[in-house]
Amino acid sequence: MLERTLVTIAETETIEEAFRRLNANMLGILFAQDASGRIVGAVTDGDIRRRMLAGTTIQDRVATCINRNFVSARAGGPREQILKLLDQRVHVVPILDGEGRLVDVFSRELFNLSEESEVFARARSPVRISFSGGGTDLTHYFVENDGGAVINATIKMYAHATLRRRSDSSIRIYSHDFRSTIEADNLAELGTDGDLALIKSVVRLIKPTYGFELEVSADFPVGSGLGGSAVVTSAIIGCFNEFRGDQWDRHEIAEMAFQAERLMLNIPGGWQDQYATVFGGFNHMEFFSDQNTIVPLRLDPNIIAELEESLVLCYAGSGRDSGAIHRDQKAQHETSDAVAAAAKQKEVTRDIRRHLLRGQLLECGRLIDEAWHAKRKLSSKISSDAIDAIYDFAKQHGAVGGKLLGAGGGGYFLFFVRPFERYQLIAALEQQGHSCSRIMFEENGLRTWKSRFPARFA
């Protein structure tokens, strides 16, 4: 904005002073103020000259020349409204606040776009449900057993992250789920362990060269079996990626999420969670020592809709330790039972893919049951008497098949039911104190974008 003294003048000032300011601002117009600072009219070269032709002198007051029927716009109003005024009626538009005081001046050549709004990066990453193959995506397994294979899909349940860059090196991280805040003067002082160790690990991996504020939240409980750690990690990486000129691609983001959790924090686990949340949709994944292959499954929309109506999520409670379960799987993976169970998992994965593509969903439900019984043999920690009781109860009340999602030990059950048996299963499970919910599939994976507060004139 021009200096305010160049575009305003008190109505008690002289016409001589008005000429001086008009020469300085080069706009050909001034806005007259009353004693309280409110704009009461406009004064142009033409207004003054007409009055002087009628006998007014340069020592008379500006008040004698004011056009009190002037055009203005309200601060905070639509920018296009100002453009329309400039397009049809006037050359200069004063922007006034609610009390009539001048905030800004726009003209055909002078349109204030200088004040940048504060920019945020946002990210939303979906959780996944796995139909079969869990455990074969562990590195120790697929390296020694000619590959692993899983089939999974993302659903409309997310981790959310919001990132704001700071002008200094300070760091503030807040987790809504843990109700925990971490503050540090710089990256070196952030530390590596303690509260929010996973988030710290991601930040250490990225090594941002600026200070920032980061908030993270999730739609799901900790230990849900939905791949939540990878989902949160991917959302955070996605936020930082928004501020990069050379952005990481989806494979790189998934691999970074794996590195932050599995290698830097040394938390045992497989590979599917990171790829599922970043890529999104239905995917058949194969893992080998030299490459990971992610193949999207193109399902008919009606198949997807029917599958949504045939599945029930049932929360079996928390208390799981996925790292301990995966460590036990690694210890047991060479036993004959574990080897046979993992091979069965891969076989079932291929069969589910074939039936899913053809819309043969009842067969998929039965195969999910087979996959669960095979998975239970990978480790004694995957299930328990309480978990088995929930599963058997669901089978007695309409479930064709199902499985515990994630590593095991707790979290969510996924059950497949026939038509007309869905609600009786839900009612029976809820009477036992278990929370049930629908599934809506999410075709997109990690989504990131920039957001800003709308620029205002005040």
Enquirer: Any chance the side chains of Ser175 and Ser180 put a donor and an acceptor closer than 3.5 Å?
Expert: no
Enquirer: How close do Ile304 and Leu299 get, heavy atom to heavy atom, and via which atoms?
Expert: CG1-CB, 3.8 Å
Enquirer: I'd like to check the side-chain hydrogen bond (donor to acceptor under 3.5 Å, both in side chains) partners of Thr162; sequence neighbours left out, ordered by chain and number.
Expert: Arg122
Enquirer: Can you name the residues that form a ring-ring contact (aromatic ring centres under 6.0 Å, His included) with His284, not counting sequence neighbours?
Expert: none
Enquirer: Taking only residues two or more places apart in sequence, or in another chain, which ones meet Glu286 in a side-chain hydrogen bond (donor to acceptor under 3.5 Å, both in side chains)?
Expert: none
Enquirer: Does Phe393 reach the side chain of Leu429, with side-chain heavy atoms less than 4.5 Å apart?
Expert: yes
Enquirer: Could you list the residues that satisfy side-chain hydrogen bond (donor to acceptor under 3.5 Å, both in side chains) with Ser132, not counting sequence neighbours?
Expert: Thr349
Enquirer: Does Lys346 count as lying over the ring of Tyr141, i.e. NZ or CZ under 6.0 Å from the six-ring centre, within 45 degrees of the axis?
Expert: no
Enquirer: Is a side-chain N or O of Ser125 found less than 3.5 angstrom from the main chain of Ala159, in a donor-acceptor match?
Expert: no
Enquirer: Under 3.5 Å, sequence neighbours excluded: what are the donor-acceptor pairs made by side chains of residues 385-392?
Expert:
residue : atom : partner : partner atom : Å
Asp388  : OD1  : Arg376  : NE           : 3.3
Asp388  : OD1  : Arg376  : NH2          : 3.4
Asp388  : OD1  : Ser383  : OG           : 2.5
Asp388  : OD2  : Arg376  : NH2          : 3.0
Tyr391  : OH   : Asp369  : OD1          : 2.3
Tyr391  : OH   : Gly402  : N            : 3.2
Tyr391  : OH   : Gly402  : O            : 3.3

Enquirer: Check whether any side-chain heavy atom of Leu404 sits under 4.5 Å from a side-chain heavy atom of Ile382, and report yes or no.
Expert: no
Enquirer: Just jot down the side-chain hydrogen bond (donor to acceptor under 3.5 Å, both in side chains) partners of Gln431, sequence neighbours excluded, or say none.
Expert: none
Enquirer: Arg250: which residues meet the salt bridge (Lys or Arg N to Asp or Glu O under 4.0 Å) condition with it, sequence neighbours left out?
Expert: none
Enquirer: Who are the salt bridge (Lys or Arg N to Asp or Glu O under 4.0 Å) partners of Glu309, not counting sequence neighbours?
Expert: Arg438
Enquirer: Keeping Glu183 on the side-chain end and Ile171 on the backbone end, is there a donor-acceptor pair under 3.5 Å?
Expert: no
Enquirer: Between Thr154 and Val127, is there a donor-acceptor pair closer than 3.5 Å when you use the side chain of the first and the backbone of the second?
Expert: no
Enquirer: Any sub-3.5 Å donor-acceptor pair from Gln432's side-chain atoms to His434's backbone N or O?
Expert: no
Enquirer: Return yes if some donor-acceptor pair links the side-chain N/O of Lys156 with the main-chain N/O of Pro126 below 3.5 Å, else return no.
Expert: no
Enquirer: For the residue pair Phe142 and Phe288, is the inter-centroid distance of their aromatic rings smaller than 6.0 Å?
Expert: no
Enquirer: For residues 229-238, which side-chain donor-acceptor pairs fall under 3.5 Å, sequence neighbours excluded?
Expert:
residue : atom : partner : partner atom : Å
Thr233  : OG1  : Ser229  : O            : 2.8
Ser234  : OG   : Ala230  : O            : 2.8

Enquirer: Just do the salt bridge (charged side-chain N to carboxylate O under 4.0 Å, His left out) check on Asp34 and Arg38 with the steps written out, would you?
Expert: CA-CA 6 Å; Asp34 63 14; Arg38 291 190 294 268; 3.5 Å; yes
Enquirer: Could you tabulate the donor-acceptor pairs under 3.5 Å formed by side-chain atoms of residues 201-223, not counting sequence neighbours?
Expert:
residue : atom : partner : partner atom : Å
Ser201  : OG   : Ala260  : O            : 2.7
Lys207  : NZ   : Arg204  : O            : 3.4
Glu213  : OE1  : Arg164  : NH2          : 2.4
Glu213  : OE2  : Arg164  : NH2          : 3.3
Glu213  : OE2  : Arg166  : NH1          : 2.8
Glu215  : OE1  : His176  : NE2          : 3.2
Asp219  : OD1  : His160  : NE2          : 3.1
Asp219  : OD2  : Tyr158  : N            : 3.0
Asp219  : OD2  : His160  : NE2          : 3.3

Enquirer: The criterion is ring-ring contact (aromatic ring centres under 6.0 Å, His included); which residues satisfy it with His355, sequence neighbours excluded?
Expert: none
Enquirer: Report the residues that fulfil side chain to side chain contact (heavy atoms under 4.5 Å, CB included) with Asn292, sequence neighbours left out, ordered by chain and then residue number.
Expert: Trp271, Tyr275, Phe287
